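The next block holds one structure in the form of structure tokens; read it before the comments.
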Amino acid sequence: MSISLQKGQKVSLSKENAGLSKVVVGLGWDEVKQKKGFFAPKPQAIDCDASALLLRNGRLCAKEDIVYFGNLMHPTRTVQHMGDNLTGAGEGDDEQIVVDLAAIPAEYDKIVIVVNIYQAVQRRQHFGMVENAFIRLVDARTNTEMCKYNLTDNYANMTAMIFGEIYRHNGEWKFNAIGQGTTDPGLGDLANRYI
């Protein structure tokens, strides 16, 4: 049974899902339909990029701890990005990140899931031009959705988003729905928040 989460709500992943070892983090979004004039130029597709930041003691310690379209696999092979979707077109998840919770080394205590708009400043794009954004966690063993967080706030002028975090607490894995927009122009600036 999937739990629908609200902003700031935390849920235990391990407690309700005995034997949980691997999760698929699915992220999705759609472009807001733009009104088109007869002579209006065709708008450029919005390219949202999902990334996972693996933190040690709440801090990002190495460049290799960022899993994104340019680094699809963490060196520990416990977090894998399944590939870049350049347009957000289609139904379901636009991008997925697979996390092997059972194998993540103990020094990693948190995985922050973020999304930024590629070249947002140059393309004059922001999350106010995106709708139906969500993050969901799926039990990889059974392909069962455990929880889903639909982002419903107004994110106009925000170029990046901290969707949520998977974290270890007292020996169990939990998820926190964050939904915090930022004006960081790219992944590097977003990652600097955690150094």
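Bear in mind that the values here come from a model prediction, so they are computed numbers and not experimental data. Side chains included, hydrogens not; waters and symmetry mates left out as well; all remaining heavy atoms used.
- Here the side chains of Val25 and Val99 are in contact, with some heavy-atom distance below 4.5 Å.
- Residues that satisfy the salt bridge (charged side-chain N to carboxylate O under 4.0 Å, His left out) test with Arg168, not counting sequence neighbours, are absent from this structure.
- Among residues at least two apart or in separate chains, salt bridge (Lys or Arg N to Asp or Glu O under 4.0 Å) pairs with a member in residues 128-137 are Asp93-Arg136, Arg136-Glu145.
- Nearest heavy-atom pair, Ala103 versus Thr78, reported as atom, atom and distance to 0.1 Å: O-CG2, 3.3 Å.
- Put simply, the side chain of Asp109 gets close to the backbone of Asn57: a donor and an acceptor are under 3.5 Å apart.
- The CD1 atom of Ile113 sits 11.5 Å away from atom CD1 of Ile162, with the distance rounded to the nearest 0.5 Å.
- Side chains of Glu64 and His74: no donor on one and acceptor on the other come within 3.5 Å.
- We find the CD-NZ distance between Glu165 and Lys174 to be 12.0 Å, quoted to the nearest 0.5 Å.
- Here the OG atom belonging to Ser51 is positioned 13.5 Å from the CD1 atom belonging to Ile111, to the nearest 0.5 angstrom.
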Donor-acceptor contacts under 3.5 Å from residues 146-158 side chains, at least two apart:
{"residue": "Asp153", "atom": "OD2", "partner": "Lys7", "partner atom": "NZ", "Å": "2.9"}
{"residue": "Asn154", "atom": "OD1", "partner": "Ala156", "partner atom": "N", "Å": "2.9"}
{"residue": "Tyr155", "atom": "OH", "partner": "Gly179", "partner atom": "O", "Å": "2.9"}

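- Atoms OG1 and CG, on Thr182 and Asn116 in that order, are 8.5 Å from each other to the nearest 0.5 Å.
- A salt bridge is absent between Arg123 and Asp47: the closest approach of a Lys/Arg side-chain nitrogen to an acidic carboxylate oxygen does not fall below 4.0 angstrom.
- Side-chain polar atoms of Asn132 and Asp30 form a donor-acceptor pair below 3.5 angstrom.
- Within 6.0 Å of atom OH in Tyr118, 12 or fewer heavy atoms from other residues, nucleotides or ligands are found, so the atom counts as exposed in its surroundings.
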